[in-house]
Amino acid sequence: MKRMAILAGVVATGMATVLTTGAVTAQSLPGITDIEQVSGNVYKIFGAGGNTTVFVRENDVVLVDTKLPGSGEAILAEVRKVTDKPVGMIINTHSHPDHTGSNAELAPNGDVQVVAQVNSAARMRAGGGPAAPLRVDGDFEARKTIGEGDDRIELYYFGAGHTDGDAFVVFPADRTMAAGDLYAWHMSPLIDPGSGGSMLALPTTLAGAVYGIDGVDTVIQGHGGISTWDEFHSFMNFNRGLVATAEQTLLTGGTPEDALKKLEATPSYAVFLDHKLKPGLEYGGTPWSRALINLTLAFQELRGEEPELIMGMEDPHQH
């Protein structure tokens with residue numbers, strides 16, 4: 001098996017420990033880049049952690065995710081390039097500090113409402129390890145509608161994947177969705193078992209989004225770029241194939257490496273198995289190494305073992 005970088009002992013706080021102790025920053029994260037328009041009133045700010053989605057409403061601005069700690073003023077500087085309206089709401093796609101890190105800076109009091117899925121909200125309120133507790137004003141279980149008309153936002157939760165509290169944030173008037181880290185860099189996602197993540201649950205969760213959300217053309221990745229709905233659909237198909245291949249290979253006595261060779265034999269999966277390190281990728285290596293990580297996790301879950309938080313595996317062909 002390829003060399004694994006496993007963060008031992010990170011159970012209760014999962015990636016929170018990694019992201020708040022400087023381990024990610026030490027890997028030379030790119031800084032915040034210029035705000036870019038995605039569609040209509042929806043914009044994206046890349047860098048310093050997860051993407052921040054900016055939604056300009058009639059009277060204020062909604063931010064989806066707030067990057068690593070200390071990014072608040074830089075986020076506001078980018079927002080001011082497109083509007084002078086105040087921030088009125090923050091929606092967090094999940095509880096990891098590279099997506100919630102500047103909440104306290106941007107929402108120091110109740111004037112800015114903070115919303116998250118109920119499982120993520122519980123982790124945010126509790127804090128843990130180096131992560132301080134965060135205020136959450138509103139939460140939801142499976143579905144929530146915010147606003148109406150062109151300002152309407154739809155929130156969806158379909159189950160575990162990256163964590164057990166990953167929200168999809170949809171802006172219907174602009175036919176755009178922020179996917180959080182269930183879908184980052186158009187490669188199989190990092191799974192954080194310490195925050196309730198599950199590789200075996202991921203395909204069902206993604207299928208819930210693909211078949212349960214209508215009217216979306218554009219998907220903003222949790223990290224990285226922007227994809228079409230068809231690309232998001234192909235991402236679901238790949239992760240379905242990954243889990244199915246893991247199960248079939250385990251039943252015949254094979255290994256995660258054997259399963260990976262089977263995936264490599266499927267031409268439509270090639271984009272999810274390349275050896276190029278993605279720009280701004282804080283952890284997880286190449287798409288090929290991430291696929292091997294998630295096959296390893298699938299094997300662990302299928303055997304009834306406690307899955308590990310695996311942050312990286314060596315890709316001998318990385319370039």
Heavy-atom closest pair (G70 atom, S102 atom, distance to 0.1 Å) is N-OG, 3.5 Å
Are F299 and P256 side-chain neighbours, meaning at least one heavy-atom pair lies under 4.5 Å? yes
Those residues at least two apart in sequence (or on a different chain) that pass salt bridge (Lys or Arg N to Asp or Glu O under 4.0 Å) with K144 are none
| request: Could you verify whether a donor N or O on one side chain and an acceptor N or O on the other, from Y157 and T205, lie under 3.5 Å apart? | output: no
Here the pair of heavy atoms bringing A179 nearest to V219 is CB-CG1, 3.9 Å
Those residues at least two apart in sequence (or on a different chain) that pass side-chain contact (heavy atoms from CB on, under 4.5 Å) with Q37 are Y43
In this structure, CZ of F140 is separated from CD1 of I146 (nearest 0.5 Å) by 8.0 Å
Validation row: I75, I32 side chains within 4.5 angstrom (heavy atoms)
yes
Residues passing the salt bridge (Lys or Arg N to Asp or Glu O under 4.0 Å) test with D217, sequence neighbours excluded, are R175
| field | N92-N103 side chain donor-acceptor pair, cut-off 3.5 Å | value | yes
For A259 and L295, the nearest pair of non-hydrogen atoms, with its separation, is CB-CD2, 3.8 Å
Original post:
Given side chains that start at C-beta, do those of P307 and I191 come closer than 4.5 Å, heavy atoms only?
Top reply: no
Are any non-hydrogen side-chain atoms of W185 and P287 less than 4.5 angstrom apart? no
Sorted by chain and number, sequence neighbours left out, salt bridge (Lys or Arg N to Asp or Glu O under 4.0 Å) with K81 holds for D34, E78
**Request:** List the steps and the verdict of side-chain contact (heavy atoms from CB on, under 4.5 Å) for I35 and K44.
**Result:** CA-CA 6 Å; I35 191 168; K44 176 176 80 74; over 6 Å; no
Using distance only, find each side-chain donor-acceptor pair of residues 241-249 under 3.5 Å and give its atom names and separation, not counting sequence neighbours.
{"unit_1": "T245", "atom_1": "OG1", "unit_2": "G241", "atom_2": "O", "d": "2.7"}
{"unit_1": "T249", "atom_1": "OG1", "unit_2": "T245", "atom_2": "O", "d": "2.7"}
{"unit_1": "T249", "atom_1": "OG1", "unit_2": "K262", "atom_2": "NZ", "d": "3.1"}

Side-chain donor/acceptor of S195 to backbone N/O of T163, under 3.5 Å
no
Whether the side chain of N239 engages the backbone of F235 through a donor-acceptor N/O pair (distance < 3.5 Å, no angle test) should be reported.
yes
Output for pair (L263 CG, L273 CG), nearest 0.5 Å, gives 6.0 Å
Distance-only donor-acceptor pairs under 3.5 Å for side chains of residues 114-122, two or more places apart:
{"unit_1": "Q117", "atom_1": "OE1", "unit_2": "N119", "atom_2": "N", "d": "2.7"}
{"unit_1": "Q117", "atom_1": "NE2", "unit_2": "E141", "atom_2": "O", "d": "3.1"}
{"unit_1": "N119", "atom_1": "ND2", "unit_2": "D164", "atom_2": "O", "d": "2.7"}
{"unit_1": "S120", "atom_1": "OG", "unit_2": "G165", "atom_2": "O", "d": "2.8"}

Under a 3.5 Å cutoff, is there a donor and acceptor pairing between the side chains of D65 and T52? no
*Assess whether side-chain contact (heavy atoms from CB on, under 4.5 Å) is satisfied between I90 and V62, documenting all intermediate values.*
CA-CA 6 Å; I90 293 169; V62 176; over 6 Å; no
Practice task
Return yes if a side-chain donor-acceptor contact under 3.5 Å exists between W288 and Q318, otherwise no.
Solution key: no
Review point. Within the side chain of H99, is there an N or O that forms a donor-acceptor pair under 3.5 Å with the backbone of H94?
Key: no
Measure up the Y269 and F238 rings against each other and bin them: parallel (under 30°), tilted (30 to 60°), perpendicular (over 60°).
perpendicular
Here the pair of heavy atoms bringing P69 nearest to P97 is CD-O, 3.9 Å
One should read off an interatomic distance between M199 CE and H162 NE2, to the nearest 0.5 angstrom, of 13.0 Å
* Between N294 and S188, does any side-chain donor sit less than 3.5 Å from a side-chain acceptor? -> yes
Practice item. Ignoring hydrogens and angles, tell me if any N or O in the side chain of S39 forms a donor-acceptor pair with the backbone of D174 under 3.5 Å. Key: yes
Validation: residues 126-135 side-chain donor-acceptor distances under 3.5 Å, sequence neighbours left out:
{"unit_1": "R135", "atom_1": "NE", "unit_2": "D137", "atom_2": "OD1", "d": "2.9"}
{"unit_1": "R135", "atom_1": "NE", "unit_2": "D137", "atom_2": "OD2", "d": "3.3"}
{"unit_1": "R135", "atom_1": "NH1", "unit_2": "A107", "atom_2": "O", "d": "2.9"}
{"unit_1": "R135", "atom_1": "NH1", "unit_2": "N109", "atom_2": "O", "d": "3.3"}
{"unit_1": "R135", "atom_1": "NH2", "unit_2": "N109", "atom_2": "O", "d": "2.9"}
{"unit_1": "R135", "atom_1": "NH2", "unit_2": "V112", "atom_2": "O", "d": "2.5"}
{"unit_1": "R135", "atom_1": "NH2", "unit_2": "D137", "atom_2": "OD2", "d": "3.2"}

| Is the closest side-chain heavy-atom distance between M89 and R57 below 4.5 Å? | yes
Original post:
When you measure from the side chain of T93 to the backbone N and O of D166, does any donor-acceptor pair fall under 3.5 Å?
Top reply: no
(message) Contact between T176 and V216 at the side-chain level, heavy atoms closer than 4.5 Å - yes or no?
(response) no
Sorted by chain and residue number, the salt bridge (Lys or Arg N to Asp or Glu O under 4.0 Å) partners of D214 (sequence neighbours excluded) come out as none
Sorted by chain and residue number, the side-chain contact (heavy atoms from CB on, under 4.5 Å) partners of P172 (sequence neighbours excluded) come out as R152, E154, V170
Those residues at least two apart in sequence (or on a different chain) that pass ring pair (Phe, Tyr, Trp, His ring centres under 6.0 Å) with H319 are none
### Message
For the residue pair H223 / D181, report whether a side-chain donor-acceptor contact shorter than 3.5 Å exists.
### Response
yes
Residues G196 and R123: closest non-hydrogen pair is N-NH2, 3.7 Å
Quiz item: Quick one: does E306's side chain get under 4.5 Å of P193's, heavy atoms only?
Solution: no
* To do: Please assess F55 against I153 for the test side-chain contact (heavy atoms from CB on, under 4.5 Å), listing each intermediate value before the final yes or no.
  => CA-CA 9 Å; F55 181 49; I153 302 170; 3.8 Å; yes
| Flag for D192-H96: side-chain donor and acceptor within less than 3.5 Å | yes
| task | Indicate yes or no: does R125 engage D139 in a salt bridge with an N to O separation below 4.0 Å. | result | yes
- Are T255 and D258 linked by a side-chain donor-acceptor pair shorter than 3.5 Å? yes
Under 30°, 30 to 60°, or over 60°: which ring-plane class applies to H186 and F272, parallel, tilted or perpendicular? tilted
Here the gap from S268 atom OG to N237 atom CG, rounded to the nearest 0.5 Å, amounts to 7.5 Å
Closest non-hydrogen contact found for D60 with G88 is OD2-CA, 3.4 Å
Problem - Side chain proximity check, M187 to V271, heavy atoms < 4.5 angstrom - result: no
| said: Please determine whether the number of non-hydrogen atoms from other residues, nucleotides or ligands lying under 6.0 Å from atom NZ of K85 exceeds 12. | reply: yes
Residues passing the side-chain contact (heavy atoms from CB on, under 4.5 Å) test with E73, sequence neighbours excluded, are L76, R80, E105
Across all chains, not counting sequence neighbours, the side-chain contact (heavy atoms from CB on, under 4.5 Å) partners of T33 are F46
| query | Judged by modelled atom types alone, do D315 and T286 share a side-chain donor-acceptor pair under 3.5 Å? | reply | yes
d(I310 CD1, L190 CG) to nearest 0.5 Å is 9.5 Å
* Asked: With no hydrogens and no angle check, do the side chains of S198 and E301 hold a donor and an acceptor under 3.5 Å apart?
  -> yes
